[in-house]
Amino acid sequence: MTDGLPKRRGHRITVEPSDRHVRAVRDGTVLAESDEALVLRETGCPDAYYIPFQDVRLDLLDPSDTRTNCPFKGDASYWSLPDAADLAWAYLDPKPEVAEIKEYLCFYEVQVS
């Protein structure tokens with residue numbers, strides 16, 4: 001579990017193994033499915049499930065030119081489908097405080113069970 005990030009007015013991030021089965025599905029197509037996901041909890045944000053790259057159908061996703069920066073996690077890269085821009089992202093070189101999410105991809109919408 002990660003909890004060493006600098007606090008910014010009560011801001012906090014934790015990363016830990018999820019005990020849930022996680023799937024990313026779009027229009028009936030399974031894009032990712034894993035029992036090895038991580039759950040990232042961040043102040044003011046819904047839980048985010050990060051799925052290991054090996055459990056993601058990268059053959060269905062195209063890298064995007066979109067990049068964003070989070071002061072707590074680092075620079076994010078995005079992946080798209082032809083009809084869904086930037087539906088997943090990853091921190092390819094995350095800040096040391098959240099190093100666990102390296103080589104994991106996160107989707108905006110997932111199913112958990």
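When a residue number appears, it is its place in the shown sequence, counting from 1.
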(message) Using side-chain contact (heavy atoms from CB on, under 4.5 Å), reason through Leu40 and Thr14 one step at a time and then give a plain yes or no.
(response) CA-CA 6 Å; Leu40 184 143; Thr14 61; over 6 Å; no
(request) Of all the heavy-atom pairs spanning Tyr108 and Asp86, show the shortest one and how long it is. (result) CE1-O, 3.1 Å
(message) For a salt bridge (charged side-chain N to carboxylate O under 4.0 Å, His left out) check, start with the C-alpha distance between Lys73 and Glu42, then their side-chain angles and the critical distance, and finish with the verdict.
(response) CA-CA 10 Å; Lys73 296 183 291 283; Glu42 183 171 3; 2.6 Å; yes
(request) Could you tell me whether the side chain of Ser34 reaches within less than 4.5 Å of the side chain of Pro52, counting heavy atoms only? (result) yes
(request) List, by chain and number, the other hydrophobic cluster members for Phe107, where Ile, Leu, Val, Met, Phe, Trp and Tyr join if side-chain heavy atoms come within less than 4.5 Å, directly or indirectly. (result) Val22, Leu31, Val39, Tyr49, Ile51, Phe53, Val56, Leu58, Leu60, Leu61, Trp79, Leu81, Leu87, Leu92, Leu105, Val110, Val112
(message) If I compare all heavy atoms of Glu36 with all of Tyr104, which pair ends up nearest, and what's the gap?
(response) O-CE2, 3.7 Å
(message) Would Val30 and Arg23 count as a side-chain contact (heavy atoms from CB on, under 4.5 Å) here? Give the steps.
(response) CA-CA 7 Å; Val30 176; Arg23 291 170 33 120; 3.7 Å; yes
(message) Any donor-acceptor pair under 3.5 Å linking the side-chain atoms of Tyr78 with those of Thr68?
(response) yes
(message) To the closest 0.5 Å, what do you measure between CD1 (Ile13) and SG (Cys45)?
(response) 8.0 Å
(message) I need the Arg20 CZ to Ser113 OG distance, nearest 0.5 Å.
(response) 7.5 Å
(request) Only counting residues at least two apart or in another chain, list the ones meeting salt bridge (Lys or Arg N to Asp or Glu O under 4.0 Å) with Asp83. (result) Arg26
(message) Over 60° means perpendicular and under 30° means parallel, so tell me whether Tyr91 and Tyr50 are parallel, tilted or perpendicular.
(response) tilted
(message) Just by distance, no angles: are the side chains of His21 and Gln111 close enough, under 3.5 Å, to form a donor-acceptor pair?
(response) no
(request) Could you pull out all residues at least two apart from Arg41 that satisfy salt bridge (Lys or Arg N to Asp or Glu O under 4.0 Å)? (result) Glu16, Asp47
(message) I want to check something: taking the side chain as every heavy atom from C-beta on, are Phe72 and Lys95 in contact at a cut-off of under 4.5 Å?
(response) no
(message) Can you give me the closest heavy-atom contact between Ser80 and Ser64, atom names plus distance?
(response) OG-CB, 3.8 Å
(message) Can you confirm whether more than 12 heavy atoms, excluding those of Asn69, are under 6.0 Å from its CG atom?
(response) yes
